[in-house]
Amino acid sequence: MDFELTEHQKKIQNSVREFIRSEFDKDKIREWDQTHTFPREIWKKAAQSGFIGVHFPQEYGGRGTGITENILVVEELCRGDSGVGVALSLVDFSSEVVLRFGTPEQKTKYLIPVTKGEFISGGGYTEPDHGSDITLLFTTASKQGDSYVINGTKTFTTNGTIADFFIVLCQADPDAKPPYRGQTTLIVEKGTRGFTATELSGKMGIRMTSTAQLSFNDVHVPLANLLGAENRGFYQVLEFFDESRIEIAAQALGIAQGAFDRALSHARERSQFGRKLADFQMTQHKLADMATKVETARLLTYKAAWNYDQGRIDPKLTSMAKMHAGRTAVEVTDEAVQILGGYGCLAEYDVERFYRDAKIMEIYEGTKEIQKNTIASALIGKGK
Ligand SMILES: Cc1cc2nc3c(=O)[nH]c(=O)nc-3n(C[C@H](O)[C@H](O)[C@H](O)COP(=O)(O)OP(=O)(O)OC[C@H]3O[C@@H](n4cnc5c(N)ncnc54)[C@H](O)[C@@H]3O)c2cc1C
C-alpha cells in the first residue's frame, strides 16, 4: 500500500496551482458568479495548459493518464475557486461516453476540439418527468431513412446553451421490456434544425455553468451519430456514471478544501475578546472536524479513482466517494461561513459562493439517496 502521489502526479497538481495563482482574478470571479457568466477566457487558457481531458489518450489531445490525474486537476481547480473550478471541470462533460464507446472517427471529430478548448460537450439524460429514474424516457428516437429523428425534452442539461455537441439518451425501441433495454445514445450538434436550448434561470450555485432545458422537435441526426450500440445506451450511461461520479466527488473535495483553507486563514487573522479566533478551543475543534472530513473524502475519492484505473469498476465505491465527498462539501462550507461570521455572508469573502456551490454536489449525477441505494444494493444483493 502506497498513499504517496507519483512525481508526475505532483507535477500536474503543482502546475494547476500555478495556473490558479496566475489566472484566477477574485474580482472577475465574483462578477461572473453574480452575472451567471461562463469564464470563456480561462477555459481557453486551461485547455492550452493541458488541463481539459488530461485523461484522454494523446492521439485525442489528452496526456494519456488515468482518471486519477484528472481527479487531481479537478480537485485543485475547485479548491482554487468553486465556481470557476466546476465550470472548467464540466466543459468536457459526457465526452467520456464518446471516449469509451465512440468510433475512431467520432473521437477524432469531437474529442480533439474538446481538449484544444474549441468545443464544449454536454449530456442530456434527465427529463422533466424522469430525474433519478431514467429507466423509462419520453424522448424518442426513430430511424427514418438515413437519419434518427428525435422528439422530446431534456432538462437540467449542463452547458446547455454553450455546448457544441450533446450526448442524448433516447427511447429508441418503445416496445422494449424493460424500457431501458430499448434506449440508445445519439450525438446531437448545436444548430441542428429543430433543436433549441433555453437557460434555466435563478440557479443557487455553480452559476458560471450553463444549465438548460433542451427541446427536440423532429431533430434529424445522421445514422453515423449513433454512439456505441443501438439499445445499449442505458448501460453505456451507467458505465459513464461509474467514472463521472468520481469526478463530482473530486469537485466536492476541492470545494471543501477551498472553504477550509479560507476559514483557517480567517481564524488565524481575526481577533475577538482580545484573542485570535484560532485560539478559541471551539474554533480549533471545528477546524479539526473539518480537516478530518476533508481527509476522509480525499481518501475515498482517490481510492475510487485508483481502483478505476486498475480496471476494477466498483459502483459501490464510486457512490461512497460521491456521497461522502458531497456531504463533506456541504458540511465544511457551512462551518466555513460560520467561522467567518457576518463576513462569511458577503460575496467579497468568497465562502458564501463555496457554500451555494456545494449543495449541488449532493444532487447532480445522482442524488445522495440514489448513491445510498447503489451502495445498499451492492451490500445486500439485488432483489433481496
Ligand atoms: C445544476 C444541475 C446540473 C445538472 N446537470 C445535468 C446534466 O448535465 N445532465 C443531466 O442529464 N442531468 C443533469 N442534472 C439533473 C440531475 O442529475 C437531477 O436533478 C437528479 O438526478 C435528480 O433528479 P430530479 O431533479 O428529477 O429529482 P427527483 O428524481 O424527482 O428526486 C427528488 C427527491 O426524491 C429522492 N428520490 C427519488 N427517487 C428515490 C428513491 N428511489 N429512493 C429514495 N429517494 C429517492 C431524490 O433523492 C430527491 O431527494 C443537473 C441538475 C442540476 C441541479
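One-based numbering, in listed order, for ligands and for the atoms of each. All values reported here derive from a predicted model rather than from experimental measurement.
For atom 20 (C) of ligand 1, the closest non-hydrogen atom of the protein is Ile363 O, 3.7 Å. For atom 26 (O) of ligand 1, the nearest protein heavy atom (residue, atom name, distance) is Gly131 CA, 3.2 Å. Remark: minimum distance from atom 39 (C) of ligand 1 to any protein heavy atom is reached at Ile370 CD1, 3.9 Å. Summary of contacts: the protein heavy atom closest to atom 8 (O) of ligand 1 is Thr158 N, 2.8 Å. For atom 43 (C) of ligand 1, the closest non-hydrogen atom on the protein side is Glu369 CB, 3.9 Å. Nearest to atom 2 (C) of ligand 1 among the protein's heavy atoms is Tyr364 CD2, 3.8 Å.
Using cut-offs of 30° and 60° for the angle between ring planes, the Phe93 and Tyr125 rings count as perpendicular. Taking the six-membered ring where tryptophan is involved, the planes of Phe119 and Tyr110 are tilted, since the angle between them lies from 30° to 60°. Between His266 and Tyr343, the two ring planes are tilted [angle within 30° to 60°].
For ligand 1, the atoms closer than 4.0 angstrom to any heavy atom of Glu365 are 17 (O). Against a heavy-atom cut-off of under 4.0 Å, Thr367 is close to the following atoms of ligand 1: 22 (C), 46 (C), 47 (O). Per-residue contacts place Ile206 under 4.0 angstrom from the following atoms of ligand 1 (heavy atoms of the residue considered): 1 (C).
Counted by atom type alone, Thr140 and Gln171 present zero donor-acceptor pairs between their side chains at under 3.5 Å.
In this structure, the side-chain contact (heavy atoms from CB on, under 4.5 Å) partners of Ala163, at least two apart in sequence or on a different chain, are Ile120, Asn159, Phe166. With sequence neighbours excluded, no residue forms a side-chain contact (heavy atoms from CB on, under 4.5 Å) with Asp289.
With Leu227 as reference, Ile167 is the one residue of Ile167, Thr103, Val168 to meet the side chain to side chain contact (heavy atoms under 4.5 Å, CB included) rule.
Ring to ring, His130 and Phe138 are close: their centroids are under 6.0 angstrom apart. Centroid-to-centroid, the aromatic rings of Tyr364 and Phe156 stay 6.0 Å apart or farther.
Both the backbone and the side chain of Thr126 come within 4.0 Å of ligand 1, judged by heavy-atom distances.
Figure legend: cation-pi geometry between Arg232 and Tyr235, with NZ or CZ positioned under 6.0 Å from the six-membered ring centre and within 45° of its axis.
The closest heavy-atom contact to atom 40 (C) of ligand 1, among the options Leu214, Ile167, Asp357, Asn373, comes from Asn373. Looking at Phe93, Phe241, Phe156, it is Phe156 that brings a heavy atom closest to atom 13 (C) of ligand 1. Of the listed options Ser121, Ala163, Gly123, Gly123 places a heavy atom closest to atom 9 (N) of ligand 1.
At a 3.5 angstrom cut-off on N or O pairs, Tyr125 counts as close to ligand 1. For ligand 1, one of its N or O atoms has an N or O atom of Ser132 under 3.5 Å away.
For atom 35 (C) of ligand 1, no protein heavy-atom neighbour is found at a distance under 4.0 Å. For atom 32 (C) of ligand 1, the nearest protein heavy atom lies 4.0 Å or farther away.
Lys26 has no carboxylate O lying under 4.0 Å from a charged side-chain N of Asp81, or vice versa, which leaves the two without a salt bridge.
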